[in-house]
Structure formats: structure tokens, C-alpha cells
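Accompanying notes for the structure given below.
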Amino acid sequence: MEDNDLLKVRLEKIAALKAAGVDLYPNDVKPQNTTAQIMAQFGDTDSETLAQLTQKFSIAGRLMAVRSFGKAAFVKIQDRKGQMQCYIAKNILSEQDFFIFKKLDIGDIIYISGKLFRTKTNELTVEVESLRLMAKSIHPLPEKWHGLTDIETRYRQRHLDLISSPAVKEIFYRRSLIIKLMRQFMDTHDFLEVETPMMQPRAGGAVARPFKTHHNALDQELYLRIAPELYLKRLVTGGLERVYEINRNFRNEGISTFHNPEFTMMEFYWSYATYEDLMSFTEELFGFIAKNIFEGLKFTYQGTEIDMTPPWRRLTVKDALLQIAGMDPADLTDSTKAIAFARKAGCDAKETDPLGKILMAIFDEVVEKKLVQPTFVTQYPVAVSPLSRRSNTDPEFVDRFELYISGREIANAFSELNDPADQRDRFVQQLKEREAGDDEAHEMDEDYIRALEYGMPPTAGEGIGIDRLIMLFTDSASIRDVILFPLLRTKQE
RNA sequence: GGGCCGUUAGCUCAGCGGUAGAGCAGCGGACUUUUAAUCCGUUGGCCGCGGGUUCAAUCCCCGCACGGCCCA
């Protein structure tokens, strides 16, 4: 299924260019300027001053528009930072260069050089003195005005999306900036950036289904990691004390506007800190990013103003269930009552489930979407937190929080469980749930317990979903809009 | 996994039981200061795929594929 006629025309042009001795894919010219740099430097310079300039400028990029008058033309060249208008005139170019210009198509990569001037309408423009074809394009680009709107094509052929939509390009520039800012913030606070295994013999550190793979030489099953947690805490035990990792996690679960099977997470561990320290730290980190991007702590996400001014709301899971879900205090301690409430709220709950799990199912169904402004939900049931430290005030709950913004979980953090005996008990409990049919329950990890037995300092750790954070800071409705190549089903012909 | 929606020219979209339309892009022509340039002319379609209903299907029905949104 090829665009036959359009392709044929371009192939004829290629033949004509070749016959005239034109190299279609040279690599011997380097542009000395970018469109953005010229604009920044001469955007305010008047015509008279420009006319005095003897300096030549050269830019390269994709030909995006041609307005031709026969013997002259205005064209737009787009490079990584923007677009610039250029003026082509037959009496300025060499005969060969003008011949090449006439054979160009929108979408070709070209190089031009010349002097700057202002047009009648005062637009800063390069008067082209010489021109090179740098790479021939044989497929037509999306329409110039509407651009590319077909969502499937946008994700499958992201190059077309990036070429035709400056707003998309802007999102990925901002994504890079946000991650840079996070690194800067962590480095400033004396955290060490590390990399831990993506392929693990046991997929631990979170509650999720893993992807499975196989190493041939070792003849061993391996899992793509669902979290780096257990490795990062080994490093804390090893004395690194403050570590962070920004990298991909893989979870073999459904795809939605908030879930991609591979997603980016920043996880960090901070010795001698508690989950309460992490709340303040998170407020500072998010504030640091927001101030750099928005020059303030308030911004709009999908039509709703989000205010990141600290301190953020803090409430316990229990209080959230009482105040927001409208549960009765008796429902929180009685499994039968909790199950009845859960069923009424429309979530499944099995009689065999521990109470804590049932409560969290109600939380996810009823409370989550109502937490629009930044909110730390604290004190999770121990049953759903196999790696968190028990609370000193109530051992059935743990010193943990999840951060919700715009009704979505953005971060998960807790004071780490560093008592190896308790950790073993938790793993044993998880094994029981696995045997009861919960294939997401955590596996036993003897190596990890052994590491804890050497003594891990009291530590707090946090994971922040980078893609979701970037959605928030780019006002994106879908996680696919902040991931360059989101997973799609392979198309079969 | 379920529900709803979409798939028509390279792109953006109309059409809707009687055999395919527009704009942009392309091609030919005019034009040396345009800004989605303009003006004249013009090429281009397995109407996602497979069945069915019908004298006749892009249109109605069923299935499939891919995508979107919502739900689990």
C-alpha cells in the first residue's frame, strides 16, 4: 500500500538530480548556526543594521514550506529548535543551486547559507546565497495546517509527529528538563546515582506481575524488574546511605492512559530519615521543579488548578476511609462489615482477603479519584506493605505514604523495614497469599534477608512515577503523550 | 476481559442504499517580498479486512484486525 504516484514523482526528481551530479546524501557540510540562535541574536536588529552586517549564516534542517513565485521563493527551514524563513532568488543563486531548489520537496533536509535581512513585513530572513540538499525525502509529510492528528500514526511513527508538531517536541524537551532538575536536586542533597539490575532472578520490591525471560548461557529464568527496591537497599546496607536510581520498571499488566508496561521511576533511599522527612523532601523536590518550569507553585492540569504550595494535606488511610468514603469506624476493624461495604461500593472482596487488603480496595475505588490537590495518604495496613516498617503506635499499620495528585498515585514511600526477623515473617505471610491464589504477592528473598541481617541503618525510601509526574507538568491526558514510543500491539500485514 | 466510538486520496475531513467528494500536499501553467501566498488547470481511491442481506453496500447486519475513551 504505497503512495504510488507521489512516490513516482519523487523518484523522477531523484533521477534528474543524480543526472546533474547531485549527491542525495552528502555529509560534508556542517551548519554554523541554529534558527533559535539567529532569532535570539538578531530578533530585534533593524534592517539598516542588518544591511551593514557582512557575516554569513548557515543553517540546516527540514524544508517545511515553500511559497514560490517562479523566479523567487520564500521557504521555511525547521531545525531542532525552531523555524526560520529563507529567501530564494534566481539571480542570487548559482544556476546549479537554483536547479536543485526546483527539484526540492517539502520534507527534504537542506543546508543554506547567506546574509540576514528583513522583508517588507519585517520578518528576519536569510537571503540564500548557496544551497545544498543534505538528505532527500521520498514520502510526503502530513498536512501543513492540521498536522498529524491520527493518534495511532502519531505513536507508531513518532518521527512524523515530532516533525509536524512543535508542541509534541516541546513535551519531550520538558521531560528531559524535569529529569535533569530531579538529578540536580538529588545531587545537591548528596545522593549518589546508581544503576541496579533490570534482569532479576526474582521480581521483588513491588506488588505486580513481571515479564519473564531466559538467559541461555546460564540456562536460567530471569524477570524484568518490577522495582529496583531490594537492590537499592542492599546498597544502603553496603554503606552508600543515600542512593537514587532513575530507570525503567516493567510490569506485565494492562495498558491505559495511566499505565505503560515499561515506565520510568525514580527510586531513592535516605538513611537516618523517616517517611515524615520524605514528605517534606517531596514537597521541596516538586516545588523545585514547578518553580523552574512555571515560575510558581500553581499550574493547570486538564482544566483544574493544582496548587503545590506546602505543606500538602496529610491524612491517614483510616481518616480517608471515614471522611471521604463515609465508612463507619466499626467497618475498619471488622472484615465482614468491611466486605459488605466494599461490595456496596462496587469492588470485589474475597472472604479470604486480609482486612487491610479489603480496606485498600475500597480506598482505590472510592477515595483515590477525589484526591485532586497534592495529598499524602499515610499509615497503610501492614498486609499491603510487606517491605515497610511497622508504626510505633499501631503495629497493624506501617509508616508509609502515597502521594496523590489529580486523583492519581504519583509516589509511594515508607520508612524501610530493617528488622530481618519481621521481614522474614512478612515474606512468609506473602507466600501464604501466593498459595491462596494471589500471583502478585511478594516472593521469599533469602539473599535480601541475609543482607538485612548484616544491619541496614534506619532508612526511608520513595519511588516517584516519572511519567505521571511529567503528565502533570506538561498537562498531558495520556501517559502515551509523554513516552516517545508507547507500547502498541504489533500490526500484522 | 466488557461496553461505546472510530478506520473513506499522502495528510485533514465530508458523504451515506443507486456505484466517490472538498481542502492541503502533488503535477502543469502565471507570478522576484510571501506568511495556511494568490490565480488558472489537473492527477490521485480494494471507502481497514472477511462474510451476509439486497436488483444494487463506502453506507444496513455479523465476524475479525488495529486504534481511542470508559469500566474491570
Side-chain angles (χ1 to χ4, degrees), chain A residues 1-14 16 47 50-51 62-78 82-93 98 101-108 114 116-128 137-161 163-166 209 252-260 302 342-343 345-350 361 364-366 368-369 407 440 476-481 486-493:
Chain A
M1 214 79 69
E2 192 45 86
D3 27 309
N4 288 316
D5 292 332
L6 296 166
L7 185 64
K8 207 174 121 199
V9 169
R10 297 220 177 178
L11 293 178
E12 283 165 5
K13 287 180 183 172
I14 285 172
S47 302
L50 287 178
R62 197 173 293 277
L63 184 62
M64 294 301 287
V66 176
R67 295 185 282 275
S68 172
F69 306 90
K71 294 193 184 69
F74 287 96
V75 305
K76 285 264 184 189
I77 292 178
Q78 173 172 295
Q83 293 194 343
M84 177 112 211
Q85 177 168 271
C86 304
Y87 178 66
I88 307 260
K90 194 176 183 192
N91 62 351
I92 301 173
L93 285 183
F98 194 72
F101 168 69
K102 283 296 187 185
K103 296 290 176 203
L104 291 181
D105 288 295
I106 288 171
D108 288 348
L116 291 176
F117 76 107
R118 282 191 184 277
T119 63
K120 275 184 192 169
T121 54
N122 209 37
E123 180 163 346
L124 188 63
T125 302
V126 181
E127 186 180 75
V128 178
S137 169
I138 62 172
H139 297 295
L141 289 182
E143 200 226 352
K144 63 184 171 188
W145 189 241
H146 299 91
L148 183 63
T149 66
D150 182 86
I151 290 175
E152 189 176 351
T153 310
R154 285 186 46 220
Y155 298 148
R156 286 192 196 277
Q157 298 195 62
R158 187 65 98 175
H159 52 285
L160 291 180
D161 196 25
I163 289 166
S164 49
S165 173
R209 280 188 202 90
N252 203 341
E253 293 169 353
I255 296 177
S256 80
T257 48
F258 278 83
H259 300 85
N260 194 60
Q302 302 292 296
R343 299 226 164 115
C347 36
D348 358 301
K350 291 192 292 262
D364 290 347
E365 178 69 28
V366 183
E368 204 176 286
K369 54 181 172 248
E440 291 188 342
S476 300
S478 170
I479 200 168
R480 287 173 219 122
D481 292 327
L487 186 66
L488 298 183
R489 199 183 291 269
T490 306
K491 262 201 163 162
Q492 344 177 300
E493 282 306 321

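Reminder, nothing fancy here: chain letters follow the sequence lines and each chain counts from 1. Because the structure is a prediction, the values reported are computed rather than measured.
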Can you check whether [Y]'s main-chain N or O pairs, donor with acceptor, with [X]'s side chain at less than 3.5 Å?
{"X": "Arg154(A)", "Y": "Thr149(A)", "result": "no"}
{"X": "Ser478(A)", "Y": "Arg480(A)", "result": "yes"}
{"X": "Asp108(A)", "Y": "Leu63(A)", "result": "no"}
{"X": "Asp150(A)", "Y": "Thr153(A)", "result": "yes"}
{"X": "Asn260(A)", "Y": "Leu487(A)", "result": "yes"}
{"X": "Glu143(A)", "Y": "His146(A)", "result": "yes"}
{"X": "Gln78(A)", "Y": "Ile163(A)", "result": "yes"}
{"X": "Lys102(A)", "Y": "Phe98(A)", "result": "no"}

[N] [atom2] sits how many Å from [X] [atom1], rounded?
{"X": "Arg489(A)", "N": "A65(B)", "atom1": "CZ", "atom2": "P", "answer": "8 Å"}
{"X": "Leu7(A)", "N": "C11(B)", "atom1": "CG", "atom2": "P", "answer": "14 Å"}
{"X": "Glu12(A)", "N": "U43(B)", "atom1": "CD", "atom2": "C1'", "answer": "13 Å"}
{"X": "Leu148(A)", "N": "G67(B)", "atom1": "CG", "atom2": "P", "answer": "16 Å"}
{"X": "Glu152(A)", "N": "G10(B)", "atom1": "CD", "atom2": "P", "answer": "16 Å"}
{"X": "Met64(A)", "N": "C11(B)", "atom1": "CE", "atom2": "C1'", "answer": "12 Å"}
{"X": "Asn122(A)", "N": "U34(B)", "atom1": "CG", "atom2": "P", "answer": "13 Å"}
{"X": "Asp150(A)", "N": "C11(B)", "atom1": "CG", "atom2": "P", "answer": "8 Å"}

Below 3.5 Å is the cut-off: list the nitrogen or oxygen pairs between protein and nucleotides 39-42 of chain B, distance only.
none

Taking [M] as the reference, what is the distance to [N] when you measure between their [atom1] atoms (whole Å, please)?
{"N": "U8(B)", "M": "G48(B)", "atom1": "C1'", "value": "10 Å"}
{"N": "A20(B)", "M": "U58(B)", "atom1": "P", "value": "10 Å"}
{"N": "A25(B)", "M": "A37(B)", "atom1": "P", "value": "7 Å"}
{"N": "C5(B)", "M": "C62(B)", "atom1": "P", "value": "11 Å"}
{"N": "C47(B)", "M": "C60(B)", "atom1": "C1'", "value": "15 Å"}
{"N": "C4(B)", "M": "C46(B)", "atom1": "P", "value": "31 Å"}
{"N": "U19(B)", "M": "C55(B)", "atom1": "C1'", "value": "13 Å"}
{"N": "G23(B)", "M": "A65(B)", "atom1": "C1'", "value": "30 Å"}

Checklist entry - Which of parallel (below 30°), tilted (30 to 60°) and perpendicular (above 60°) describes Tyr87(A) and Phe117(A)? => result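 Rings of Tyr87(A) and Phe117(A): perpendicular, over 60°.
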
Under a 3.5 Å limit for both distances, which nucleotide forms a Watson-Crick or G-U wobble pair with [N], could you say?
{"N": "A20(B)", "value": "none"}
{"N": "A9(B)", "value": "none"}
{"N": "C4(B)", "value": "G68(B)"}
{"N": "G26(B)", "value": "U42(B)"}
{"N": "G63(B)", "value": "C49(B)"}
{"N": "A56(B)", "value": "none"}

Under the 3.5 Å rule, do the base of [N] and the side chain of [X] count as making a donor-acceptor pair?
{"X": "Gln85(A)", "N": "U34(B)", "answer": "yes"}
{"X": "Tyr87(A)", "N": "U34(B)", "answer": "no"}
{"X": "Thr149(A)", "N": "U12(B)", "answer": "no"}

Enumerate the protein-to-nucleotides 23-28 of chain B contacts in which both atoms are nitrogen or oxygen and the separation is below 3.5 Å.
unit_1, atom_1, unit_2, atom_2, d
C24(B), O3', Lys144(A), NZ, 3.3
A25(B), OP1, Lys144(A), NZ, 2.8
C27(B), OP1, Lys13(A), NZ, 2.5

Checklist outcome for this item: Nearest heavy-atom contact between Ser164(A) and Pro142(A) is OG-CG, 3.9 Å

Item to check | Test: Asp5(A) and Lys8(A) ion pair at under 4.0 Å | outcome: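 No, Asp5(A) and Lys8(A) are not salt-bridged.
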
Checklist entry - Going by heavy atoms in the side chains, are Arg118(A) and Leu124(A) under 4.5 Å from each other? => result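 Arg118(A) vs Leu124(A): side chains touch.
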
Item to check | Nearest-nucleotide 5' precedence on RNA chain B, Gly70(A) against Ser478(A) | outcome: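 Final value for this comparison: Gly70(A).
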
Next on the checklist: If you assign each of Ser68(A) and Phe117(A) to its closest nucleotide in RNA chain B, which residue comes earlier from the 5' end?
Outcome noted: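 By nearest-heavy-atom nucleotide position, the 5'-most residue is Phe117(A).
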
Next on the checklist: Checking contacts here: which listed nucleotide (C66(B), G68(B), U34(B)) is nearest the side-chain heavy atoms of Thr119(A)?
Outcome noted: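 Looking only at side-chain atoms, Thr119(A) lies closest to U34(B).
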
Next on the checklist: Between the base of C31(B) and the ring of Phe69(A) - centre-to-centre under 5.5 Å, planes within under 30° - is that a stack?
Outcome noted: no

Next on the checklist: At less than 4.0 Å, is any side-chain N or O atom of Arg480(A) found next to OP1 or OP2 of C69(B)? Yes or no.
Outcome noted: yes

Next on the checklist: Is the phosphate of U34(B) approached by Arg67(A) (side-chain N or O, under 4.0 Å from OP1 or OP2)?
Outcome noted: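 No, no such contact exists.
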
Next on the checklist: Please classify the nucleic acid contact of Ile88(A) as base, sugar-phosphate, or nothing, using heavy-atom distances under 4.0 Å.
Outcome noted: nothing

Checklist entry - With a 4.0 Å cut-off on heavy atoms, is Arg156(A) in touch with a base, just the backbone sugar-phosphate, or nothing at all? => result sugar-phosphate

Checklist entry - Does a donor on one side chain and an acceptor on the other come within less than 3.5 Å for Arg62(A) and Gln83(A)? => result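 The answer is no; no qualifying pair exists.
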
Checklist entry - Between Asp481(A) and Tyr155(A), is any side-chain donor less than 3.5 angstrom from a side-chain acceptor? => result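 There is such a pair (donor and acceptor under 3.5 Å, judged by atom type) between the side chains of Asp481(A) and Tyr155(A).
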
Next on the checklist: Working note: Val66(A) + Ile106(A), criterion side chain to side chain contact (heavy atoms under 4.5 Å, CB included); need CA distance, chi angles, decisive distance, verdict.
Outcome noted: CA-CA 7 Å; Val66(A) 176; Ile106(A) 288 171; 4.1 Å; yes

Under-3.5 Å N/O pairs linking protein and nucleotides 70-72 of chain B:
unit_1, atom_1, unit_2, atom_2, d
A72(B), OP1, Glu365(A), OE1, 3.3
A72(B), OP1, Glu365(A), OE2, 3.3

